[in-house]
Amino acid sequence: MSDLSTWVPACKLEDIEQEGAIRFDHAGRTYAVYRGPDDSVYCTTGLCTHEAIHLADGLVMDYEVECPKHSGAFDYRTGEALRLPACENLRTYPAEVVDGEVRVALG
């Protein structure tokens with residue numbers, strides 16, 4: 001069972017296209033929230049580790065997000081940097097859907 005005190009509502013599941021992402025800002029930080037092809041949800045830091053470009057504007061496909069500026073790619077499930085010029089992994093955060101609402105644990 002998760003600690004509900006750390007879960008923050010981010011958006012409605014329907015706000016994110018399947019294999020899409022949206023930007024989520026909270027407490028002065030920015031995140032990217034993803035919806036996988038099977039409706040699973042994930043959350044990472046919102047900026048590319050290469051040049052701090054918003055990843056929610058990038059191409060999302062097959063559990064990968066491609067940075068819109070230099071095409072660096074990450075596995076958004078694990079945060080692993082998959083393609084240069086990105087070489088530093090993204091931080092990931094637990095995400096879940098409760099009654100159609102996407103929540104992320106930012107604790």
To check you understand the geometry: which heavy-atom pair defines the closest contact between [X] and [Y], and what is its length?
X: Gln18; Y: Pro37; answer: NE2-O, 2.9 Å
X: Pro68; Y: Gly58; answer: CD-CA, 3.8 Å
X: Thr92; Y: Tyr76; answer: CG2-O, 4.2 Å
X: Ala95; Y: Cys43; answer: CB-N, 4.2 Å
X: Ala86; Y: Ala81; answer: O-CB, 3.7 Å

Problem - Check: Arg83 side chain, Ser71 main-chain N or O, donor-acceptor pair, under 3.5 Å - result: yes
Exercise for the section: Determine whether Tyr93 and Val97 fall in the same hydrophobic cluster, where Ile, Leu, Val, Met, Phe, Trp and Tyr are linked whenever their side-chain heavy atoms lie under 4.5 Å apart. Expected result: yes
Exercise for the section: Tell me whether Ile16 is reachable from Phe24 by hopping between hydrophobic residues (I, L, V, M, F, W, Y) whose side-chain heavy atoms are closer than 4.5 Å. Expected result: yes
Between atom [atom1] of [X] and atom [atom2] of [Y], what is the distance when rounded to the nearest 0.5 Å?
X: Arg103; Y: Thr6; atom1: CZ; atom2: OG1; value: 11.0 Å
X: Thr45; Y: Leu55; atom1: OG1; atom2: CG; value: 7.0 Å
X: Glu101; Y: Glu14; atom1: CD; atom2: CD; value: 11.5 Å
X: Leu90; Y: Arg77; atom1: CG; atom2: CZ; value: 13.5 Å
X: Cys48; Y: Asp57; atom1: SG; atom2: CG; value: 12.0 Å
X: Tyr31; Y: Leu106; atom1: OH; atom2: CG; value: 4.5 Å

For the residue pair [X] and [Y], establish whether any side-chain heavy-atom pair is separated by less than 4.5 Å.
X: Lys12; Y: Val102; result: no
X: Leu47; Y: Ile53; result: no
X: Ile22; Y: Cys11; result: yes

Problem - Candidate list Glu64, Glu19, Glu66, test side-chain contact (heavy atoms from CB on, under 4.5 Å), partner Leu59, passing option - result: Glu66
Exercise for the section: Determine the sole option in Thr44, Asp62, Leu82, Asn89 for which the side-chain contact (heavy atoms from CB on, under 4.5 Å) test with Asp75 is passed. Expected result: Leu82
Exercise for the section: Could you go through the salt bridge (Lys or Arg N to Asp or Glu O under 4.0 Å) check for Asp39 and Arg35 one step at a time? Expected result: CA-CA 6 Å; Asp39 289 335; Arg35 181 175 175 180; 2.8 Å; yes
Handout entry: Tyr42-Ser40 side chain donor-acceptor pair, cut-off 3.5 Å
Key = yes
Problem - Sequence-distant partners of Phe74, ring-ring contact (aromatic ring centres under 6.0 Å, His included), two or more places apart - result: none
Practice task
With sequence neighbours left out, write down each residue that passes salt bridge (charged side-chain N to carboxylate O under 4.0 Å, His left out) with Asp99, or none if nothing qualifies.
Solution key: none
Exercise for the section: Carefully, step by step, assess Val65 and Tyr34 under the rule side-chain contact (heavy atoms from CB on, under 4.5 Å). Expected result: CA-CA 9 Å; Val65 58; Tyr34 308 88; 3.7 Å; yes
